[in-house]
Colleague: 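Take this structure, written in structure tokens, and hold onto it; I'll ask about it next.
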Number of protein chains: 2
Amino acid sequence: MATQKEIARRAGVSISAVSAVVNGTTHTRMSEETRARIEGIIADLGYVPNDAARALRRQRAGTIAVVVQKVENPIYREMFHGIYDAAEARGWAVVLGDAMWMRSGSHFLARLLGQGSIDGIIVRSEGLIDDEVMRHLRARPAPVIVVEGRHAQDGRWLAIDDAAAGLVATQHLLDLGHRDIEFVGGASWIPTSERYRGYTEAMADAGLEPRPANRSGFGSSAGAEGFAAILASGRRPTGIVVNNVLSAVGTLNAALDAGVRVPDDLSLIAIHDAEVADDLRPPLATVKMPMAELGARAVEAIAAVLAGAPTRFGLVDSPAPVLIPRASTARPPAVPAPWWTAV
Amino acid sequence: MATQKEIARRAGVSISAVSAVVNGTTHTRMSEETRARIEGIIADLGYVPNDAARALRRQRAGTIAVVVQKVENPIYREMFHGIYDAAEARGWAVVLGDAMWMRSGSHFLARLLGQGSIDGIIVRSEGLIDDEVMRHLRARPAPVIVVEGRHAQDGRWLAIDDAAAGLVATQHLLDLGHRDIEFVGGASWIPTSERYRGYTEAMADAGLEPRPANRSGFGSSAGAEGFAAILASGRRPTGIVVNNVLSAVGTLNAALDAGVRVPDDLSLIAIHDAEVADDLRPPLATVKMPMAELGARAVEAIAAVLAGAPTRFGLVDSPAPVLIPRASTARPPAVPAPWWTAV
DNA sequence: CTGAAAGCGCTTACAG
DNA sequence: CTGAAAGCGCTTACAG
């Protein structure tokens with residue numbers, strides 16, 4: 001591949017002049033004729049700068065990395081979008097990786113740990129990643145911003161307002177007239193417990209006794225287990241708040257499989273909006289979270305840390321979580337629902 | 001951050017010695033005492049090599065990029081896995097990107113186009129990416145391997161056996177006794193048309209007249225449109241092969257919304273297995289494709305091109321597409337299904 | 001206005 | 001066995 005040296009030779013100018021044309025930074029007042037000649041040769045040779053050399057010289061790679069638990073999780077869609085837009089605006093490329101790849105000794109991790117090729121790292125949920133790995137990561141000069149991980153020891157975390165989301169979801173069911181409402185997703189994972197806290201607050205405000213959370217992990221099977229736990233307990237709520245949209249797929253299916261009619265017998269609402277909510281039958285009511293803003297803020301935070309400037313960490317509470325009503329919720333049944341006795 | 005120079009100074013040795021310890025390549029027979037001293041200082045300072053400097057010097061970055069249409073599409077899950085494993089085995093880190101980010105002028109594209117930071121690129125479906133961008137990409141020294149794009153002009157493509165998949169899916173319905181079978185997804189996109197070809201072959205082998213494909217794009221709405229087209233045509237098949245699992249979500253929902261019972265009135269099967277198939281009601285029968293192998297082969301191809309070694313491009317036909325039976329298919333109804341008259 | 005030179009941090013042939 | 005030196009391709013003060 002052509003280098004600036006080769007172009008300079010052909011154009012009969014110095015490398016500095018070529019670099020100036022490529023970057024438009026110094027030698028700005030060079031003769032129009034020279035500039036045109038250099039540009040012509042650049043085009044002819046299809047010259048493209050060597051990013052490794054640039055990164056070494058500039059001490060900045062121009063790339064940030066985003067690591068999430070499962071890239072195929074649809075709730076990241078908007079966050080990626082927000083990150084990409086904010087990064088492009090600041091001159092960064094974004095690359096994605098899966099947390100599963102961060103096993104110690106992997107080359108993927110080496111690239112994150114090494115200097116020179118990644119300027120900053122956005123990691124989803126430090127709690128889901130090996131502590132040892134996080135410690136190594138934080139020892140590097142590239143700033144590490146944790147999204148959805150409030151306990152980041154260095155204080156560099158951003159999170160959505162999970163408690164508010166739990167409250168909005170629960171309030172929606174209360175507004176419809178439900179009083180017997182359960183929560184699926186009582187994990188020790190912080191965002192989930194915050195959502196549960198929102199649920200308990202809404203219940204308490206309505207003068208109702210919150211129920212204990214029905215444990216759930218991630219994915220649809222966890223949501224199904226949460227529903228099974230409710231069945232097993234003998235309780236028959238008219239509404240359920242599920243801590244996340246993917247689990248809700250399992251909750252909904254478990255309910256349907258048990259012969260429960262949604263929303264006639266049981267209303268369902270989940271936190272995080274995603275396309276899948278429209279693809280369910282019935283379509284699932286959700287609470288949409290400001291994921292794009294979360295992503296954009298994370299990029300801003302990297303820029304601020306790199307610049308030594310102050311920045312706001314903490315809750316991204318604007319826009320607020322917003323209800324996306326869909327057919328999975330309705331007024332509670334006037335008479336005890338059939339599923340009280342069906343199982 | 002510490003450099004080899006700093007470590008050499010503290011250890012009272014040359015940079016060469018430090019580099020030797022870091023890489024274990026030269027100076028292999030240095031005294032045990034010296035090696036231990038150097039290693040101690042490396043650990044104390046938390047030294048990590050600078051990837052940019054390495055990439056510049058070695059003329060190899062140690063990273064390959066994978067670009068797909070929508071990272072959240074679950075059919076990539078296994079392909080990413082196959083790519084990751086094969087890449088790690090060869091000493092490469094993998095980074096992911098979305099094709100949506102490849103707009104001309106983006107920094108993401110610049111990183112792919114630039115030299116020095118990416119050794120090879122795996123692109124899903126060149127047909128879905130701007131020709132101009134592909135041309136630029138191919139002008140770079142980093143090999144570009146297209147997966148699912150049979151018309152790659154440079155011959156560097158790999159694809160799964162879409163025709164075989166169409167055949168397996170159709171044969172499954174034929175084996176159940178269906179004779180009136182439609183195909184949803186008659187796009188000009190090559191993999192889809194190959195799947196349709198498999199459908200026509202299976203039908204012809206069974207002595208049946210294949211139906212024209214019902215146009216469909218991507219995503220669930222496309223599958224719903226395909227179903228609507230069948231309804232509008234007045235035809236009432238007992239079985240439908242949907243060209244991909246995401247479209248099938250829409251096809252299934254459209255059928256259910258129209259009051260059609262699946263599989264009692266209508267059997268449904270889709271190409272590409274994914275978790276979502278289990279999350280549908282009824283769970284969706286699919287044909288599982290060798291996506292992990294496809295990914296691994298793409299990595300091998302990059303390695304081969306880089307090494308100037310010959311490699312096999314073309315169809316990844318082993319393992320063959322395999323039927324994953326689920327509850328969405330059954331024997332055709334004995335009497336004309338209600339939905340013949342329902343709509 | 002333009003060029004020569006230093007140096008980013010590393011690897012590797014080469015000299016001793 | 002170990003070190004000095006060159007050079008990967010670039011950017012940027014600095015000299016002229």
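When reading the values below, keep in mind they use all heavy atoms of this one structure, side chains included, and skip hydrogens, waters and symmetry mates. In what follows, chains carry the letters A, B, and so on, assigned in the order in which the sequence lines appear, proteins first and then strands, with residues in each chain numbered from 1.
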Colleague: Distance check needed: dG9(C) C1' versus Gln115(A) CD, whole Å only.
Modeller: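 After rounding, the reported distance stands at 9 Å.
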Colleague: Please report the distance, rounded to the nearest Å, between CG in Asn50(B) and P in dC8(C).
Modeller: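 So the CG-P distance, Asn50(B) to dC8(C), works out to 11 Å.
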Colleague: Charged N to carboxylate O under 4.0 angstrom, Arg297(A) versus Glu293(A)?
Modeller: no
Colleague: In this structure, how many angstroms lie between the P atom of dG3(D) and the CD1 atom of Ile38(B), rounded?
Modeller: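 Distance, rounded to whole Å: 8 Å.
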Colleague: Over how many whole Å does the gap from Lys5(A) atom NZ to dA4(C) atom P extend?
Modeller: 13 Å
Colleague: Rounded to the nearest angstrom, tell me the gap between atom CZ in Arg57(A) and atom C1' in dG9(C).
Modeller: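 Taking atom C1' of dG9(C) as the reference, CZ of Arg57(A) is at 13 Å.
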Colleague: Please tell me which of the listed nucleotides, dT11(C), dT11(D), dT12(D), lies nearest to the side chain of Gln4(A)?
Modeller: dT11(D)
Colleague: Mind checking which stems touch DNA chain C? I mean at least 3 consecutive Watson-Crick or G-U pairs, both distances under 3.5 Å.
Modeller: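 Correct response: C:1-3 with D:14-16, C:5-12 with D:5-12, C:14-16 with D:1-3.
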Colleague: Between Tyr84(B) and Trp101(A), does the ring centre distance come in under 6.0 Å?
Modeller: yes
Colleague: Expressed in angstrom and rounded to an integer, what is the separation of Arg58(B) atom CZ from dG9(D) atom P?
Modeller: 16 Å
Colleague: What is the distance, to the nearest angstrom, from the CD atom on Gln59(B) to the C1' atom on dG7(D)?
Modeller: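 So the two atoms are 10 Å apart, to the nearest Å.
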Colleague: Report yes if at least one side-chain N or O of Ser19(A) is closer than 4.0 Å to OP1 or OP2 of dT11(D); otherwise report no.
Modeller: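 Answer is yes, contact under 4.0 Å.
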Colleague: Of the listed nucleotides (dG9(D), dC10(C), dG3(C)), which one gets closest to any side-chain atom of Ala17(A)?
Modeller: dG3(C)
Colleague: Is there side-chain contact between Val94(A) and Val66(A), with heavy atoms separated by less than 4.5 Å?
Modeller: yes
Colleague: Tell me which nucleotide among dG3(D), dC8(C), dT11(C) gets nearest to the side chain of Arg54(B).
Modeller: dT11(C)
Colleague: Using side-chain heavy atoms (C-beta onward) and a distance below 4.5 Å, is Val67(B) in contact with Met102(B)?
Modeller: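 When only atoms from C-beta onward are counted, Met102(B) and Val67(B) do touch, with a gap below 4.5 Å.
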Colleague: So that I can tick it off, tell me whether Asp51(A) and Arg111(B) are bridged by a salt bridge, with the cut-off set at under 4.0 angstrom between side-chain N and carboxylate O.
Modeller: yes
Colleague: Name the closest nucleotide to the Asn23(A) side chain, picking from dA4(D), dT11(D), dC10(C).
Modeller: dT11(D)
Colleague: Heavy atoms from C-beta onward define the side chain here; which of dC10(D), dT12(C), dG3(C) lies closest to that of Tyr47(A)?
Modeller: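 The listed nucleotide nearest to Tyr47(A)'s side chain is dC10(D).
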Colleague: Output the rounded distance in Å from CD1 (Ile15(B)) to C1' (dA5(D)).
Modeller: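 In whole Å, dA5(D) C1' lies 10 Å from Ile15(B) CD1.
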Colleague: Where each residue is assigned the nucleotide of DNA chain D containing its nearest heavy atom, which of Val22(A) and Val13(B) is assigned the position nearer the 5′ end?
Modeller: Val13(B)
Colleague: Which pair of heavy atoms, one from Ser125(B) and one from Glu148(B), lies closest together, and at what distance?
Modeller: OG-O, 3.0 Å
Colleague: When you measure from the side chain of Asn73(B) to the backbone of Tyr76(B), do you find a donor-acceptor pair of N or O atoms at a distance under 3.5 Å?
Modeller: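 It does not hold such a pair.
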